[in-house]
Structures are given as structure tokens and as C-alpha cells.
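Some notes on the structure that comes next.
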Amino acid sequence: MATARLTEIKTVDIWQECVNNPVYLMWYDTLGGPCYWCFAYKQQRGLSTKEIGVFIPYIDDLETAEADTETLGMNVQPQLLVGATGLTTDQMYIIESLLSATRVLMLTNPDDWEADGCKWQRVGVATGTYKTIRTDNARHNIELTLNLPRINTQTQ
Amino acid sequence: MSVYLTQYPRKDNINGFSSLKQSKWNAAHHPIVYQLQRKDFVVNSIVDSGGYVKIICASGAELNVDDSIYLQCGPYDSAGTITAVSGLTAVLDIPFTVTAGTGFYNNFTTRPNYRITTKLYWVDSNNTYVLQQQPVFYPDPTGLVKVDVSPYVRRKCSLLNTCTYDVVSMAEPTMGGSFNMIYREDYTGSTNNFVTLNDPRRTYYVNAAKQLRDTYGSNMAVYVPFFDADTVKGKFLHPATKAVYFPGFPFSLGFVYSDDITGIDITREITFKNLNGATVSSTSDAINAGLDHSLRMNHLMLATIPAGATSADVWLQGDDSGTGGDDYFDPNFVDGYVNSRSNTDAPTNPA
């Protein structure tokens, strides 16, 4: 025969809502296909900090000493809490594949990727137990935390 | 050589296809196995000799008293020792039950240290075989050797995204590709050569993991596009029924650019629809073809979204009525593989 359809007909829904404050993620699902999602509108940024350790310096003059303990260094992990509401069950399968992905990338230049090329940065989706789909609901919500690259600090 | 390739990492007779279809595409994170069977010498028949098995062999059989052997013939499937020899017949210490027809026996004494040496090749972007490893595999007591190439395939996989999103389609080299293998039977004193590197033994992989009870198991047949009039079509690599596109952001759909569709003209067809399901516009664009695109996982981009469109139906269409979709491939490439260095379709054999 001369012509034939090679693949299924895939419907791609075009997101209609305005997007501000976008957090755009890309990952490969378990089948090896590229997937994307945009978490928009609002996010909550946070920091998770931890001391590496403390040491107790010798105090020469108690009257003028600056400190009785010093911190060796800090581990600082910025986090971004993102969420989406009103997702259909089918759209939640896309989010489930995000939660399962081994490697997740975030687009750091959403305003000028078309001119400068995509600048992706690897982020981590915090692991844990997620409630994704309630089977008697038509729409679902999700909230998840992204671990952004750690902040380098001085050690002493 | 007396070793036989009995199983390939592929699925034959895929359901839903009217003609014989094979999928050689495997998920890299599961075993990709070639099965070989050692069959040293042919046994023509088995008769009774004083309550013990007497094998009558074809010419070339190596038979000596006290040789340790394995026999597979009719209902007989066991190890044994030769107790008496006369010409091309031998009596074993296996009790006789019934007569039997053709089978084989392996001789562990005259062919010790038996192993299969393999050479594994990966196909690079210039369609050239590149030698990866030369692993050695040992058989089980029945002479069965399972050559699992997946650990070596996984070394070529990684989860990188190199897509530039400014073309119709683009290959992602670390997410899919092609492997081949050749093998040689070795034992103490053997002087065999490797079999020829040819395309029927070629396997393809996607950097994917399949799930329990998936159709076709670890074979990617459901996601492989075939140039075919059948109603069952290859799916895109996507976890949901509908994908979601966010305007203004990079987007692609993953598809397997399979061995069955190389060499034909392929276009990306999109029908844009509005909220009521009515067509707004359609577009048809040739995909980017070439040696470095085909036989890999590819990104398929969307065209510019027209005003008023709320969804897009996307698929790949093939046309073989032209002179071939690509200067690199002969239109007959789809029908059969030819093992010949002068054939520009097949990857170049290494020197």
C-alpha cells in the first residue's frame, strides 16, 4: 500500500489557564518517553538547614570572648513546595510518573528558552507517601516538595 | 560448531497484526536473552542393551569408555557415563525404559571447559558497529546457555535530555538504540570461528522498564510503529491517555523510530480542534530522518498552535510510494536484511 498510519492518534490537551510563576519540569517516564508538567500560580519556598557539627573553642578571657561554641559548617537544602488542583484522573497518571521518575529536570529560563536554548537543572522530588487518586472523585489535588540544588557555604 | 541459537530476544506473531510481525524492541532494564543450546553429537536412536540405554550415533561421534556425558533424546534427559563402546554405538549407565528416535548427547570428557565466547556490538550514529565487550558465558548441565546482553545495553543508556525543540523530530541517543552479537563455541582444543555478524540477530532497546503483567512482558511491541494496514497501531511513550501541552514551554512526545519504518517517508500529522471538537486547522510536516535519528527513541515536537485550538490530535503517517524517505536507506530495507558489506543499509562491519 502507498500510505498508512504508523502510530496511535494521541490527543494533546492544550492548557488553557494563564500561567504565572511557572515551575516547569521535564522527566522520562518508565517507558522512556519525555513528560512535562507546569506547576504555576503559587509555590512556597523554604530552606532545610542542618549544622555539620559544633566545636567548643578554648576561652582565653571570659569577659571579652565572642562565643563559647562555633559551628563547623552548614548543610542548606532549598525546597519548593508546589501543587496542582482539579486534575483529572488521566492527568494524575502524568503526576504519578513524575513522582516515580529517576531523574527530574527543571527549566531555569522559561522566558527565553526559545532564543537561548533550554537550560535544564536537575531537581529532586522529595520521596514519601503520596495520596494521588481517590477513586470516587473525578478531580484530584497534589502537593509535592522539590529539593533544589544545595547552597554551598563556608566551613570553618 | 555444534551450538544452536534457539531463542532470540524478540516477540513473533504479535496479536492484532494480520501478517507475521516481529518486535525486536526490548526494555533495557529487563533481561535481553539469546538462548543457545549445546548439541555436540547426534544420536540416531536408542535401544535396549541388557536393561541399559544403548545409543546409536551419527558419524563423527566421540565415544570412549568412562566418558562423562549428558543425553537428551526422547524421554531421556540425564547425565551418564559410557560403560562400553562399539564403533558408533555406546552403552551408558542409564536404565533403559523405551526406545527413542533422534536426539543428541554432549561429551564432557572429550570437550571440557566448554563455554560460549561472545562479542557484543553497539550501533553508533554513523550506523557502524562498535565492539563493546567480549563476555564469556557458561552452559548449565543440559548445555543450555543464556546470553543476557541487558547489562551491556544499560551502559549505553542514560536519562539525558538533549532536545533543542526547534525541529519537527529529534533523536535522543541515550534513550534507545541497537545492539548485535556474534558467538563462538570454545572448549579445550577447539579451533572455531565466530559466526558472521548479520542483521537477523540484531536487537533494539529503549531505556525503559516494564511492569508485571504488561502485554508482551519486557518487549516494547505495543510501542513499536509498523508500516501496516492493521488497526492496532504503535503507541507513543506516554503514561496517560492524553498528553498536556503548556503553551510557551518546550514539549515533545516520545516515539520509537523502529526498524519497520526506516526507509519510508514519514510525516507528522496534527489536527487542531476547538472546544466543541470541530477542526480548526491541520498540518502535515516531514519528520527529520537520517541514520542518526532512526532506530532510536525520538522526540516529536508540536507545530505552532493556531488561535482557538484547545486540543491537538497527533500521529505519524507513512508513505512508501516515493523513492525512499532518506538517501541512506534502500526502500527494500523494510522487507529483509542482507548480510553484505556492499549493502549500504546494514551497519558497517568492523574491520
Side-chain angles (χ1 to χ4, degrees), chain A residues 1-19 22-40 84 87-105 107 109-111 113-115 117-120 122, chain B residues 27-28 159 161 163-166 172 175-176 206-211 220 223 225-229 233-256 261 266 269 271-272 297 299 302 305 309-321:
Chain A
M1 91 234 68
T3 177
R5 179 159 61 86
L6 303 175
T7 64
E8 62 167 335
I9 300 177
K10 190 79 177 176
T11 302
V12 181
D13 279 338
I14 298 165
W15 197 255
Q16 296 299 303
E17 294 165 25
C18 289
V19 163
V23 172
Y24 194 70
L25 302 179
M26 181 270 168
W27 66 96
Y28 287 109
D29 73 344
T30 55
L31 296 170
C35 295
Y36 307 85
W37 197 264
C38 184
F39 292 97
L87 299 182
T88 63
T89 304
D90 196 52
Q91 288 165 352
M92 269 309 240
Y93 288 132
I94 304 178
I95 303 296
E96 280 191 358
S97 92
L98 164 65
L99 297 172
S100 321
T102 307
R103 192 161 197 268
V104 179
L105 300 172
L107 188 65
N109 59 343
D111 292 329
W113 65 271
E114 275 160 309
C118 293
K119 294 187 167 62
W120 298 103
R122 173 160 136 56
Chain B
L159 297 162
N161 179 10
C163 190
T164 56
Y165 300 97
D166 54 359
E172 192 64 74
M175 291 301 290
V206 180
N207 186 4
K210 299 293 281 326
Q211 310 304 322
M220 302 291 289
Y223 305 96
F226 288 97
F227 184 60
D228 194 276
K233 298 292 178 190
K235 290 181 184 294
F236 286 96
L237 301 166
H238 195 267
T241 312
K242 294 192 202 181
V244 179
Y245 168 66
F246 295 87
F249 290 96
F251 176 85
S252 63
L253 284 172
F255 72 95
V256 168
I261 63 173
I266 301 174
E269 307 289 326
T271 301
F272 290 103
M297 197 290 287
H299 295 267
L302 283 187
I305 313 290
T310 58
S311 76
D313 282 349
V314 184
W315 71 96
L316 292 180
Q317 190 79 12
D319 187 335
D320 71 346
S321 55

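Predicted model only: the values in this text are computed from it and were never measured. Here is how names work: the chains are called A, B, and so on, in the same order as the sequence lines, proteins then strands, and each is numbered from 1.
Between B:F236 and A:E8, the shortest heavy-atom contact is N-OE2, 2.8 Å. Scanning both residues, A:R103 and B:L159, for their nearest heavy atoms gives NH1-O, 3.2 Å. Contact detail for A:L31 and B:L237: the closest heavy-atom pair is O-CD2, 3.5 Å. Smallest separation of non-hydrogen atoms from A:W113 and B:G248: NE1-O, 2.8 Å. Nearest heavy atoms, A:K10 versus B:H238: NZ-CB, 3.7 Å. The heavy-atom pair separating B:P239 from A:I94 by the smallest distance is CG-CA, 4.2 Å.
If you measure heavy-atom distances from B:Y223 to chain A, the contacts under 4.5 Å come from the side chain alone. For B:I305, the part lying under 4.5 angstrom from a heavy atom of chain A is the side chain only. For B:L302, the part lying near chain A is the side chain, with the backbone staying farther off; criterion is any non-hydrogen pair under 4.5 Å. For chain A, the nearby parts of B:D313 are the backbone and the side chain; heavy atoms of each come within less than 4.5 Å. In this structure, chain A has a heavy atom under 4.5 Å from the side chain of B:Q211, while its backbone stays farther away. In this structure, chain A has heavy atoms under 4.5 Å from both the backbone and the side chain of B:A209. With a threshold of 4.5 angstrom between heavy atoms, A:C118 approaches chain B through side-chain atoms but not through N, CA, C or O. With a 4.5 Å cut-off on non-hydrogen atoms, A:M26 touches chain B through its side chain but not through its backbone. Only the side chain of B:V206 comes within contact range of chain A, with heavy atoms under 4.5 Å apart. Proximity to chain B is limited to the side chain of A:L105, based on heavy atoms less than 4.5 angstrom apart.
Within the model, atoms CZ of B:F272 and CD1 of A:I14 stand 6.0 Å from one another, a figure rounded to the nearest 0.5 Å. Atoms OG1 and CG, on A:T30 and B:N207 in that order, are 10.5 Å from each other to the nearest 0.5 Å. Taking CZ of A:R5 as the start and CG of B:D228 as the end, the distance is 11.5 Å to the nearest 0.5 Å. Residue A:Q91 holds its CD atom at 11.0 Å from OG1 of B:T241, rounded to the nearest 0.5 Å.
Under the 3.5 Å distance criterion, the side-chain polar atoms of A:D90 are matched with a main-chain donor or acceptor of B:K242. Not one N or O on the side chain of B:S321 forms a donor-acceptor pair closer than 3.5 Å with the backbone of A:A2.
Ring geometry for B:Y165 against A:Y36 counts as perpendicular: the plane angle is over 60°, on a 0 to 90° scale with 30° as the lower cut. Between B:F246 and A:W37, the angle of the ring planes goes over 60°, which puts this pair in the perpendicular group of the 30/60° scheme.
Contact count versus chain A (heavy atoms, under 4.5 Å) is highest, among B:G254, B:A240, B:A309, for B:A240. Counting heavy-atom pairs under 4.5 Å between each of A:W27, A:Y28, A:Y93 and chain B puts A:Y28 at the top. Per-residue counts of heavy-atom pairs under 4.5 Å with chain A were compared for B:Y245, B:F249, B:W315; the largest is that of B:F249.
Of the N and O atoms on the side chains of A:T3 and B:Q317, at least one donor lies less than 3.5 Å from an acceptor on the other residue.
Under the 4.5 Å side-chain criterion, counting only non-hydrogen atoms from C-beta, B:M175 is not in contact with A:P34.
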